[in-house]
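Quick notes on the structure that follows.
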Protein chains: 2
Amino acid sequence: MSTPHPAPVRMTRQRAAVADALQGSEEFRSAQQLHEVLRQRGDTVGLATVYRTLQTLVDGGDVDVLRTDDGESIYRWCARREHHHHLVCRACGSTVEIDGPTVEAWAQMVGTEHGFADIEHTIELWGICADCRR
Amino acid sequence: MSTPHPAPVRMTRQRAAVADALQGSEEFRSAQQLHEVLRQRGDTVGLATVYRTLQTLVDGGDVDVLRTDDGESIYRWCARREHHHHLVCRACGSTVEIDGPTVEAWAQMVGTEHGFADIEHTIELWGICADCRR
DNA sequence: AGCAAGAGTGAGAACCATTGTCAACTTCGC
DNA sequence: GCGAAGTTGACAATGGTTCTCACTCTTGCT
């Protein structure tokens, strides 16, 4: 198997803008929301580019994606690159990073116990944060 | 507050067909797959009707919905109506119903611990089942 | 059985988030 | 400064899901 081209990544105004917008918020945001934020901020970036950049960031492990109930993808720049989960506010998107060693182990065990391989899991918590409850 | 009309539900050939198709499989299936299954079986049902019926069944608690990685909704008639989770085969959709009292408690605790209310959680396991690994 | 009321259905249009297209434009190594 | 190749943006195209609306059944009542 020959080395697949490492695909060089260039720094562009658009990428910097998207990354900056993401790093500036604790909340999970949809691509469309980010696109709007950038527009208002003056950093005009094409919607397609926002999507592409987000995908790149996700692939690179800098950003996490989640699916809302209605199927929209929402993104967030996460502090820790290691595997972790989220406790997200349904109202404002505000998020707390969570990790649960116990749950990880449980998922793995239940999976193999039933003869499944390559086990992955989706574990996300949703609620209404203290601020939104005021 | 006066009793809102209970919305009577009528039994129709289409609903019976969809329910039957669902009850006949252990697997999670997409609306489109079910539509195709019904067509081949001779029970022609409009795609829109399949979607509507599935939604009704979900609302009634007879059917569970999940979202695949690519955003498609998949449905399954579940044996237990109580809250539970799933271990789903990424290849064939075959499913095992799971429950984890520990996890439930953990989710609840983590949530309140961070000041969140109305806590819900999404916990699903994905893997490749023994059969698909042959 | 006969009937009327209104829930249910289907074909196709409409939605809408996301992805593909492709010519024009930048970035970066030399 | 040059040029190869990665990037971008406007717009078309996808694809799952929902909406529309005229027509068809199920149901309850007689």
Side-chain angles (χ1 to χ4, degrees), chain A residues 3-22 27-60 62-76 93, chain B residues 3-22 27-60 62-76 93:
Chain A
T3 307
H5 294 192
V9 177
R10 294 181 180 172
M11 182 50 60
T12 63
R13 174 181 66 78
Q14 293 84 340
R15 282 183 181 160
V18 171
D20 187 70
L22 273 170
E27 294 86 37
F28 267 94
R29 294 292 179 221
S30 71
Q32 317 250 3
Q33 286 179 316
L34 285 167
H35 176 248
E36 179 59 17
V37 167
L38 290 171
R39 203 181 59 66
Q40 293 186 348
R41 178 192 284 201
D43 291 321
T44 311
V45 178
L47 182 55
T49 300
V50 173
Y51 275 106
R52 276 185 299 237
T53 303
L54 286 171
Q55 195 48 59
T56 304
L57 291 172
V58 169
D59 292 345
D62 290 310
V63 166
D64 278 8
V65 212
L66 246 55
R67 289 265 186 186
T68 61
D69 274 343
D70 45 301
E72 211 180 6
S73 292
I74 49 180
Y75 307 80
R76 179 176 189 273
Chain B
T3 307
H5 294 191
V9 177
R10 293 181 181 172
M11 183 50 60
T12 64
R13 173 181 66 78
Q14 293 85 339
R15 283 183 181 159
V18 172
D20 187 68
L22 273 171
E27 295 86 36
F28 267 94
R29 293 291 179 224
S30 70
Q32 319 249 3
Q33 284 178 315
L34 285 166
H35 176 247
E36 179 58 15
V37 168
L38 291 170
R39 201 182 61 66
Q40 291 184 350
R41 179 192 284 202
D43 290 321
T44 310
V45 177
L47 182 55
T49 301
V50 173
Y51 275 105
R52 276 185 297 239
T53 305
L54 286 172
Q55 195 50 60
T56 304
L57 291 172
V58 169
D59 292 344
D62 291 309
V63 166
D64 278 7
V65 212
L66 246 54
R67 290 263 185 185
T68 61
D69 274 344
D70 46 300
E72 211 179 7
S73 292
I74 50 180
Y75 308 80
R76 179 175 188 273

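Labels below follow one simple rule: chain letters A, B, ... track the order of the sequence lines, proteins then strands, and each chain is numbered from 1. Any value given below was found using the heavy atoms of this structure, including those in side chains, with hydrogens, waters and symmetry copies removed.
Atom CG of A:Asp43 and atom P of D:dG9 are 11 Å apart (whole Å). In this entry the distance linking CD of B:Glu72 with P of C:dT18 reads 15 Å, nearest Å. Across the protein-nucleic acid pair, A:Leu47 atom CG and C:dC16 atom P stand 14 Å apart, rounded to whole Å. For A:Asp69 and D:dG16, the CG to P distance is 20 Å, given to the nearest whole Å. Rounded to an integer number of Å, the gap from A:Leu38 CG to D:dT8 C1' is 14 Å. Note: CD (B:Gln55) to P (C:dG8) measures 14 Å, nearest angstrom. Rounded to whole Å, atom P of D:dG9 lies 9 Å from atom NE2 of A:His35. The nearest whole Å value for the distance from the CD atom in A:Gln33 to the C1' atom in C:dT18 is 15 Å.
In this structure a side-chain-to-backbone donor-acceptor pair under 3.5 Å is missing from A:Arg13 to A:Asp43. A side-chain donor-acceptor contact under 3.5 Å links B:Arg67 to the backbone of A:Asp69. No donor-acceptor pair under 3.5 Å is formed between the side chain of B:Arg15 and the backbone N or O of B:Thr53. Distance alone, capped at 3.5 Å, places no donor-acceptor pair between the A:His35 side chain and the A:Gly46 backbone.
Each of B:Met11 and B:Arg67 was matched to the nucleotide of DNA chain D holding its nearest heavy atom; the match closer to the 5' end belongs to B:Arg67. In terms of position along DNA chain D, the nucleotide closest to A:Gln14 lies nearer the 5' end than the nucleotide closest to the other residue of the pair A:Gln14 and B:Ser30. For the pair A:Gln32 and B:Val50, nearest-nucleotide mapping onto DNA chain C gives the more 5' position to B:Val50.
Within the 4.0 angstrom heavy-atom criterion, only backbone atoms of the sugar-phosphate kind lie near B:Thr44; the bases stay farther away.
Between A:Thr49 and the phosphate of D:dG9, there is a side-chain N or O to OP1/OP2 separation shorter than 4.0 Å. Contact annotation: B:Tyr51 does not reach the phosphate of D:dT18 (side-chain N/O to OP1 or OP2, under 4.0 Å). A close approach under 4.0 Å does occur between a side-chain nitrogen or oxygen of B:Thr12 and OP1 or OP2 of C:dT9. Note on B:Ser73: a side-chain N or O is less than 4.0 Å away from OP1 or OP2 of D:dT17. Checking the phosphate oxygens (OP1, OP2) of D:dT18, no side-chain nitrogen or oxygen of B:Arg52 falls inside 4.0 Å. The side chain of B:Arg13 places an N or O atom within less than 4.0 Å of a non-bridging phosphate oxygen (OP1 or OP2) of C:dG10. Residue A:Arg10 has no polar side-chain atom (N or O) positioned under 4.0 Å from OP1 or OP2 of D:dA4.
Distance from the side chain of B:Ala48 is smallest to D:dC19 among C:dG8, C:dT18, D:dC19.
Using modelled atom types and a 3.5 Å distance limit, the side chains of A:Gln32 and A:Glu36 yield no donor-acceptor pair.
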